[in-house]
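For reference, the structure discussed in these notes is given below.
One is the number of the first residue; the rest follow in order along the sequence. Numbering of ligands and ligand atoms starts at 1, following listing order.
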Amino acid sequence: MQSPLRLGILGSGKGSNFRAIAEAIDAGKLNAEVRVVISDVETAGILEFARARGLRAEYLAPGRFKTKLEPEAEERLVKLLKEADVDLVVLAGYMRMVKAPLLEAFPRRIINIHPSLLPQFPGLEAWKQALLAGVNETGCTVHYVDSGMDTGEVIAQIAVPVHEGDTPETLHARIQVAEHALYPMVLRQFAAGEREC
Ligand code: GRF
């Protein structure tokens, strides 16, 4: 049996994707170990959830920018992830662009989940973009992270139907159900050595 895949999780929100990953680990369905959970939001649910499970949970003060970390903060982030000796950096609702220090420290070892079938609807609130565009199908994507906004190579996707009468909330909830299946599935492929990191 391979040694567990060592994960560093970054998130800014409620952390339901992280929860799905943690539950897959607990259920013995994913051979991985969460080494550290880091958030740029001090009150984020993802940190609370990690602490409640006895995991290492760190708040990282982001500095003065809204869409990216201050360079010094990003250097601290790299240090935390290196100290935690992670194999793979998993963005789970992390709301900032990833910049050179992190990209260079973990080449092709940072992945993200996005609530659309990329390259359709990159950026914020992709489920609202899907509703506005009037498509009858959207979905979610796990992809490698590069310096662009949701532009990295696609790893896997699940399609989700848009129903008549969907609101942004109902559609996002349906996409999230698919996300919670997709992320653990992709991580299993990394853990089994079917994908390199
Ligand atoms: C998800 O919809 C994910 O696709 C997007 O941000 C949301 C995070 O949700 N990147 P959660 O914090 O994992 O519940």
Check for a donor-acceptor pair, side chain of E58 on one end and backbone N or O of I38 on the other, with a separation under 3.5 Å. no

Among protein heavy atoms, which sits nearest to atom 9 (O) of ligand 1, and what does the distance come to when rounded to 0.1 Å? Q176 NE2, 3.2 Å

Considering distance alone, does some N or O of E179 sit under 3.5 Å from an N or O of ligand 1? yes

Can you list every side-chain hydrogen bond (donor to acceptor under 3.5 Å, both in side chains) pair that touches residues 128-137, not counting sequence neighbours? E125-K128

Other residues, nucleotides, ligands: >12 heavy atoms within 6.0 Å of E194 CD: yes

Contact (N/O only, under 3.5 Å) between M95 and ligand 1: no

State which residues pass ring-ring contact (aromatic ring centres under 6.0 Å, His included) with H172; sequence neighbours excluded, sorted by chain then number. W127

L30 side, atom CG; E23 side, atom CD - distance, nearest 0.5 Å: 12.0 Å

Atom 10 (N) of ligand 1 - nearest protein heavy atom and its distance: I113 O, 3.0 Å

protein heavy-atom neighbour closest to atom 14 (O) of ligand 1 works out as S16 OG, 2.5 Å

When only distance counts, is W127 in polar contact with ligand 1, meaning an N/O pair under 3.5 Å? no

Nearest-neighbour protein heavy atom for atom 8 (C) of ligand 1, which is reported as residue plus atom name and distance: G93 CA, 3.5 Å

Measure the distances from the heavy atoms of G11 to every atom of ligand 1 and state whether one is below 4.0 angstrom. no

Could you tell me whether K79 atom NZ has more than 12 heavy atoms of other residues or ligands within 6.0 Å of it? no

For atom 12 (O) of ligand 1, what's the nearest protein heavy-atom neighbour? Residue, atom name and distance, please. G15 N, 2.8 Å

Does NZ or CZ of K14 come closer than 6.0 Å to the centre of the six-membered ring of F49, within 45° of the ring's axis? no

